[in-house]
Amino acid sequence: MAEPIKDIQFQVPDIQKQKQKELQEIEEALLNHKDAVLDIMEIIGYLKQRGILDLVKGLLGQGDKVLDILVNTANMNENKNSIKNILLLLGTIGMINVTQLEPFLLKLNAGVAKVAESEGQQDGKTGYIGLARALKDPEINRAITLILEFLKGMGQDMSNLEKNKPSSSPDEKQMMDSGETLEPKR
């Protein structure tokens, strides 16, 4: 059978050697990523020059006070409605099909450019005969057709797709007009 170990020698770690080894690892990592470290130092320098670093340092130092102010400000009735409206607006923007919107925006920009171009050229008056002549112009005819199609689409019943239904109760309508929310009072 094996004999029990009676003499245990504890090795005391040499703190100096450990620190020297860690320092060498850090130096090696810095040398291996020299360009990245220099870029980060440059970015930090820009943040310091513009005062952003001091601002972030102050915000983190006074984090509880800043958070308390933000929460109290967001909890005000008018800010609650603003936050809800912003979220609704962001959701609506997310539903826009940009590929369908792009041709319309290009035509809108061309129309604005045409108005800016002709601003000082005409006296701004168009009579009935001038309007009838303008309808013969294919570009104007296309524009009027586009506007009519837009109005037709805008007039469609989309109530089945609405997420926010209008309130039916007069009390709810009065509360919303005054900026109050339908949340329970605390």
Do [X] and [Y] sit in one hydrophobic cluster, given that two such residues count as connected whenever their side-chain heavy atoms are within less than 4.5 Å of each other, even indirectly?
{"X": "Leu38", "Y": "Ile40", "result": "no"}
{"X": "Leu60", "Y": "Ile43", "result": "yes"}
{"X": "Val98", "Y": "Ile93", "result": "no"}
{"X": "Leu55", "Y": "Leu70", "result": "yes"}
{"X": "Phe150", "Y": "Ile96", "result": "no"}

Compare all side-chain heavy atoms of [X] with those of [Y] and state whether any distance is below 4.5 angstrom.
{"X": "Met41", "Y": "Val37", "answer": "yes"}
{"X": "Lys136", "Y": "Asn141", "answer": "no"}
{"X": "Lys21", "Y": "Glu25", "answer": "yes"}
{"X": "Phe104", "Y": "Leu146", "answer": "yes"}
{"X": "Ile147", "Y": "Leu151", "answer": "yes"}
{"X": "Asp68", "Y": "Asp64", "answer": "no"}

Check: If only atom types and distance count, is the side chain of Asn32 paired as donor or acceptor with the main-chain N or O of Glu28 below 3.5 Å?
Finding: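 A pair under 3.5 Å: yes.
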To the nearest 0.5 Å, how far apart are [atom1] in [X] and [atom2] in [Y]?
{"X": "Arg142", "Y": "Asp137", "atom1": "CZ", "atom2": "CG", "value": "8.5 Å"}
{"X": "Leu101", "Y": "Leu108", "atom1": "CG", "atom2": "CG", "value": "9.5 Å"}
{"X": "Leu59", "Y": "Leu67", "atom1": "CG", "atom2": "CG", "value": "11.0 Å"}
{"X": "Leu135", "Y": "Arg133", "atom1": "CG", "atom2": "CZ", "value": "12.0 Å"}
{"X": "Gln62", "Y": "Ile69", "atom1": "CD", "atom2": "CD1", "value": "9.5 Å"}

Checklist line | Minimum heavy-atom distance between Thr73 and Asn79, given as atom pair plus value | finding: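 Closest approach of Thr73 to Asn79: O-ND2, 2.5 Å.
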Check: Taking all atoms of both residues into account, what is the closest heavy-atom pair of Leu53 and Ile44, and its distance?
Finding: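 The answer is CD2-CG2, 3.9 Å.
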Check: Just checking, any donor-acceptor pair under 3.5 angstrom between side chains of Gln16 and Gln20?
Finding: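 Gln20 and Gln16 do not have a side-chain donor-acceptor pair below 3.5 Å.
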Check: Crowded around Ile129 CD1? As in, over 12 foreign heavy atoms under 6.0 Å?
Finding: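 For Ile129, atom CD1 is not crowded (no more than 12 foreign heavy atoms under 6.0 Å).
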Note to self: Please identify which of these residues, Asn85, Asn81, Leu87, meets the side-chain contact (heavy atoms from CB on, under 4.5 Å) condition with Ile83.
What the structure shows: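 Exactly one option meets the side-chain contact (heavy atoms from CB on, under 4.5 Å) with Ile83, and it is Leu87.
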